[in-house]
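Heads up: the structure comes next, in structure tokens.
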There are 2 protein chains.
Amino acid sequence: MASKKPQARTNCSVCPLRKNEAFRDFNRGELQFIEGFKTGELTVDKGAVILVEGSHSPHLFTVLSGVAFRYKILEDGRRQILNFALPGDLIGLQGTVIGEMEHSVEALTPMSLCLFERSRLESLFREHPGLAFDLTWIAAREERILDEHLLSIGRRSALERAAYLLAFLYRKFDATDAFANGKPIFPITQQLLSDTLGLSIVHTNKTLRKLADRSLIRWKEKGCEIIDPDGLAAIANWDWETEIDRPFI
Amino acid sequence: MASKKPQARTNCSVCPLRKNEAFRDFNRGELQFIEGFKTGELTVDKGAVILVEGSHSPHLFTVLSGVAFRYKILEDGRRQILNFALPGDLIGLQGTVIGEMEHSVEALTPMSLCLFERSRLESLFREHPGLAFDLTWIAAREERILDEHLLSIGRRSALERAAYLLAFLYRKFDATDAFANGKPIFPITQQLLSDTLGLSIVHTNKTLRKLADRSLIRWKEKGCEIIDPDGLAAIANWDWETEIDRPFI
DNA sequence: CGCCGTATTGACAATCCTCAAGTAAGGTGG
DNA sequence: CCACCTTACTTGAGGATTGTCAATACGGCG
């Protein structure tokens, strides 16, 4: 029983996220509970749709590795990307309100995710108030991020908006070591950036060019390299607070 | 001790919100806890700033009566209104993340609010998992609303955006009987609408005129009367689900 | 090799913003 | 009661930003 692990399942006790200084660790009781709470692991390819708008998913997920994005679409196809999910981020909590998802989630890279049963949330709240508080904390944090995005899309110019988004993504990737090879490059297309910024793809391209001309970023074969994150944040007038010891489930 | 109530404090046992069918009721134990959790009541005039961006408030609030709005501002004064708070809505939960508020809240009308101590949240989570779940539910619901707002500002045209916002506000006001005199008129200025829509005030005015020309709304002395909420929702292509029995604290 | 997805660029059009001026209603002080 | 504020709403004109269309380039992949 010692080193036998036929399944692809990562045991929570050796969860790599726990070692990351960005996250707070569990105590023994919580760890034990989480191990039981986790009912499986999902591995998907890039492009896979993990949750669909309008569906009733019985699951919650935590990203173990890889990157996903949440989005909503209007009937005629216009799409708005709401946020990105990186290792440690929880997916699907919004569905607990009516049960029906009001946004979709798609994998931007190959991913693995921890699987939880929504129906067992109740026992989490009953038995582990600390973890329950963490859940609320996580939801409140997402709210703050959405607030900032709203400010950005509503009131910042295209250039400021792009600068904010790239600085935001840089911080997010950097905090969880999500940069694949150590270099600050994220694997994103201009189509995705434009759907996040609420801009057309052409105008996004021209805006990115301006940022590149100022040596703030560099566009690579497939992705965007961040050269000067502080410069980007300065353009957007965005205060950049480093997060440490944030909870995750 | 029977009918002696020298203070302006509304006792939770006679809280008018509990009678509203939009909200779910508490059980006896929860009611008792909430009565202790509530440490005061705040009454403010229109225009009062209840929470300020950058401050560390030790309080949470639930709106008892009146209307408020949450907003963020950029250094040069550009303002984005994020959402509105009506009776039953919780204010300040986002501040539990870092303690520091990242948005401000201002009273749109005279208001009264229940006052809670943030420091006592822990006991709520420990003693009343049901209420803790409600808190998470409330946060998740706010997320969904922000998601929809993001879609709106990012991807809808000015006309669609205005139609969505007015339909959204209509539903929100209607659900909690917040229309002062029974008529579907809310007391808002075009300046506030434009800061919610992410538009200039001039363009907001012209957009509202188009909606008025189509007999969907009527602009009154100080406020906006909604004539055809379904027509507004149709323009915005917005699905309109009625909420009942939602929790509040 | 040709096809597809992605990025790039220019020309032009639509949307939205800014400036400016004017109207209307309410409040205040003489 | 009226002159004089202030605030909010309107409207037109012109300009800046952003979107659409179209054509091209480039690399990956079957």
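Side chains included, hydrogens not; waters and symmetry mates left out as well; all remaining heavy atoms used. Chain naming here is simple, since letters A, B, ... match the order of the sequence lines and numbering starts at 1 in each.
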Does the distance from a Lys or Arg side-chain N to an Asp or Glu carboxylate O, for [X] and [Y], drop under 4.0 Å?
| X | Y | value |
| --- | --- | --- |
| B:Arg70 | B:Glu142 | yes |
| A:Asp228 | A:Arg218 | no |
| B:Lys72 | A:Glu148 | yes |
| B:Glu160 | B:Arg155 | no |

> Which sits closer to the 5' end of DNA chain D, A:Val202 or A:Arg156, going by the nucleotide each is nearest to?
Replying inline: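 In this pair, the answer is A:Arg156.
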Which listed nucleotide ([options]) is nearest to the side chain of [X]?
| X | options | result |
| --- | --- | --- |
| B:Lys206 | D:dG12, C:dC16, C:dA7 | D:dG12 |
| A:Ala158 | D:dT10, D:dT18, C:dC16 | D:dT18 |
| B:Leu199 | C:dA7, D:dT18, C:dC17 | C:dC17 |

So, is [X] near the phosphate of [N], with a side-chain N or O under 4.0 Å from OP1 or OP2?
| X | N | value |
| --- | --- | --- |
| B:Asn205 | D:dC9 | no |
| B:Gln190 | D:dT10 | yes |
| A:Arg209 | C:dT9 | yes |

Rounding to an integer number of Å, can you tell me how far [X] [atom1] sits from [N] [atom2]?
| X | N | atom1 | atom2 | result |
| --- | --- | --- | --- | --- |
| B:Ile201 | C:dC17 | CD1 | C1' | 13 Å |
| B:Lys220 | D:dT7 | NZ | P | 25 Å |
| B:Gln191 | C:dC17 | CD | C1' | 14 Å |
| A:Glu221 | C:dG5 | CD | C1' | 15 Å |
| B:Trp219 | D:dC9 | CH2 | P | 5 Å |
| A:Arg79 | D:dG19 | CZ | C1' | 18 Å |
| B:Leu197 | C:dT15 | CG | C1' | 15 Å |
| B:Lys210 | D:dT11 | NZ | P | 13 Å |

> Looking for any heavy atom pair under 4.0 Å, which part of the strands does B:Gly198 touch: base, sugar-phosphate only, or nothing?
Replying inline: sugar-phosphate
> Taking for each residue the nucleotide of DNA chain C bearing the nearest heavy atom, is the 5' side occupied by A:Thr189 or by A:Arg155?
Replying inline: A:Thr189
>> With a 3.5 Å distance limit and no angle check, can you tell me whether A:Lys220 reaches the backbone of A:Phe186 through a side-chain donor-acceptor pair?
In response: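 Judged by distance alone, no pair lies under 3.5 Å.
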